[in-house]
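Each chain gets a letter, A, B and so on, in the order its sequence line appears, and its residues count up from 1. Basis for what follows: all heavy atoms, side chains included, without hydrogens, waters or symmetry-related copies. What you are looking at is a predicted structure, and each value in this text was computed from that prediction instead of being measured.
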There are 2 protein chains.
Amino acid sequence: MTAELSPTSYALLGLLAFDASTSESGLTGYELKQRADRTLRFYWVSPAMSQIYTELDRLDGRGLVVSTDVSEGKRPSRHFSITPEGLACLRAWLTDPDESLFPTLKHPVALRLLMGALASPEDVDRMLSQYLERLAERKAELEAVREMLADRREVRFPARVADWGLSYYESERDIVERLREQIAAEPPDAT
Amino acid sequence: MTAELSPTSYALLGLLAFDASTSESGLTGYELKQRADRTLRFYWVSPAMSQIYTELDRLDGRGLVVSTDVSEGKRPSRHFSITPEGLACLRAWLTDPDESLFPTLKHPVALRLLMGALASPEDVDRMLSQYLERLAERKAELEAVREMLADRREVRFPARVADWGLSYYESERDIVERLREQIAAEPPDAT
DNA sequence: TGTAGCATGTAAGCCGTTACATGATTGA
DNA sequence: TCAATCATGTAACGGCTTACATGCTACA
C-alpha cells in the first residue's frame with residue numbers, strides 16, 4: 001500500500017477508478033492515452049504511450065491493477081481495471097496531507113519576457129500575441145471538454161476542475177493583454 | 001550558434017547576460033543558484049546545483065560562456081561570464097518564433113481535485129485550504145522580490161514578469177476560494 | 001571552537017520523450 | 001486497395017533530482 005508511485009501513476013489509477021464506477025470493461029493503454037489527452041493534459045501532463053504501458057506494468061506488478069487479455073475474434077488487447085488495493089492506495093494518496101505539493105509552472109513565455117530587454121519591442125509584442133492565440137486555442141479545447149461534462153453528478157469534480165482551468169486561461173489572457181498595452185505605451189529603449 | 005540548448009541553459013545564459021550589463025565580474029555557479037532561486041523559480045524551475053555546474057560545463061564547451069579561475073588568497077572558485085557568441089545565441093533563441101511554446105502546468109491540487117469524489121468533503125476542503133496557505137506564502141516571497149526590483153529601468157522586464165506572477169497568484173486565490181464555497185454549498189454525496 | 005555559509009563536483013537513478021518496430025482492422 | 005486508426009511494445013537518451021563527497025572561510 002505504501003507504494004511510492006509517481007503522480008502520473010496515480011493519475012492513471014484515477015482514470016481507471018473513474019472507469020470502474022461507470023462501466024466494468026476496463027480500459028486499454030490506448031484508451032487511457034485518449035482520456036489523458038482529454039483531461040489530464042490540462043492540469044498535469046499527457047504521458048507518451050510508451051510511458052503509459054510502462055506505468056501499467058508497474059501498477060500490475062504491485063497488484064494495483066489487473067489486466068485481462070482480450071483476443072476473441074478481435075485483435076489482441078489488454079484491458080486494465082483497478083483492484084480494491086489500487087483503489088485503497090489511490091484514496092490514501094488523495095487524502096495524504098504531505099502530498100499536497102505546490103504546482104510547477106514552466107512558462108517559456110514568462111522566461112523569455114524576463115530577458116525582453118535583449119529583444120526588440122516588436123519581437124516581444126509578437127511573442128505575446130502568439131501566446132494569446134495559443135491560449136485562445138487551448139481554451140476552446142477545454143471548453144469543448146467542459147461541455148461534454150454537462151451537469152452529470154458523477155463528473156461534477158472534473159467539471160469543476162475544467163472551470164478552474166477556464167478561469168485560469170481567462171485570467172492569463174487579461175494579464176497578457178494588459179502587459180502588451182503597457183509595453184506599447186512605454187518609451188522605447190534608449191540604446 | 002544553432003546550439004539546441006535546453007531552456008534551462010538559456011535561462012542561465014540570461015542570468016549571465018543580465019550580470020554582464022550591470023557588472024563585469026562574472027558569477028560563480030553558487031551565485032547563479034541564488035539568482036535562480038530568487039527569480040527563475042517562479043516561472044521556470046530552480047535547477048539543482050549539480051545541474052547548474054553541468055549546464056555551465058556544456059555552455060563552456062560550446063564557447064557561449066568563459067570561466068576564469070579565481071584563487072588569489074580566497075578559496076578557489078570559477079567565475080562565469082557570457083561571451084559575444086553566447087549573447088548572440090541567446091538573442092537568436094529569444095526572437096525565434098518557433099520556440100514560443102505553451103506553458104506546462106503540473107498542478108497536483110487540480111489533479112487530486114479531479115478525483116474529489118473518492119475523498120470526503122472534509123479532506124477536499126483541507127487540501128484546498130492548505131493550497132491557499134502555500135499560495136499566500138509564495139505570493140509574499142514574490143512580493144519581496146518585486147520590491148527589490150523597485151523602478152529601475154534596467155529591471156523593468158523582470159519587474160513586469162514579477163507583476164504577472166503576482167496577478168496569477170491572486171487569480172488563483174480567487175478561483176480556489178470560490179471553489180471552496182461551491183463545494184461547501186453543495187449537498188453531500190449520496191453514497 | 002565550531003557551525004553556517006561558500007564553493008565545487010561525482011554517481012546513481014527516475015521520469016519522460018522520441019524514434020523505432022510491428023501488425024490488425026475499419027472504412028473510404 | 002490504401003490510409004487512418006487501433007494496439008502494443010523496445011531502445012536510446014536527455015533532463016533533472018537526490019545522495020554522496022570534499023574542503024575552505026567568516027563569524028559568533
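One atom, OH of B:Y10, and another, C1' of D:dG14, lie 15 Å apart when rounded to the nearest Å. Atom CD of B:Q34 is separated from atom C1' of C:dA7 by 11 Å (rounded to the nearest Å). The nearest whole Å value for the distance from the CD1 atom in A:I52 to the P atom in C:dT17 is 9 Å. Rounded to whole Å, the distance from CG on A:L101 to C1' on D:dT17 is 14 Å. Summarising the geometry, the separation between CE on A:M49 and P on D:dC6 is reported as 11 Å, rounded to the nearest angstrom. Atom CG of A:D57 and atom P of C:dC15 are 14 Å apart (whole Å). Between the P atom of D:dA11 and the CD atom of A:Q51 lies a distance of 17 Å, rounded to the nearest Å. Nucleotide D:dG15 holds its P atom 15 Å from the NZ atom of B:K106, rounded to whole Å.
At D:dG14, none of the side-chain N or O atoms of B:S6 fall inside 4.0 Å of OP1 or OP2 (strictly under the cut-off). The side chain of A:R58 places no N or O atom within less than 4.0 Å of a non-bridging phosphate oxygen (OP1 or OP2) of C:dC14.
B:H79 approaches B:G26 most closely through the heavy-atom pair ND1-O, 3.7 Å.
Expressed to the nearest 0.5 Å, how far OG of A:S129 lies from CZ of A:R134 amounts to 10.5 Å.
Listed candidates were C:dT18, D:dC16, D:dT5. Nearest to the side chain of A:Y30 is D:dT5. For A:Y53, taking side-chain heavy atoms from C-beta onward, the closest of the listed nucleotides C:dG16, D:dA7, C:dT8 is D:dA7.
Nucleic acid contact class of A:S46 (heavy atoms, under 4.0 Å, all strands): sugar-phosphate only.
Remark: the backbone N or O of A:V145 is not paired with any side-chain donor or acceptor of A:R38 at under 3.5 angstrom.
Paired with A:H107 under the rule ring-ring contact (aromatic ring centres under 6.0 Å, His included), one option of B:W44, B:F42, B:F102, B:W164 passes, and it is B:W164.
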**Request:** Check the pair A:D123 / A:R126 against salt bridge (charged side-chain N to carboxylate O under 4.0 Å, His left out), numbers first and verdict last.
**Result:** CA-CA 5 Å; A:D123 282 330; A:R126 181 160 37 76; 2.3 Å; yes
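In this structure, A:T54 and A:E31 both approach DNA chain D, and ranking their closest nucleotides by distance from the 5' end singles out A:E31. In terms of position along DNA chain C, the nucleotide closest to B:T28 lies nearer the 5' end than the nucleotide closest to the other residue of the pair A:V45 and B:T28.
Donor-acceptor pairing under 3.5 Å, judged by distance alone, is present between the side chain of A:S50 and the base of C:dT18.
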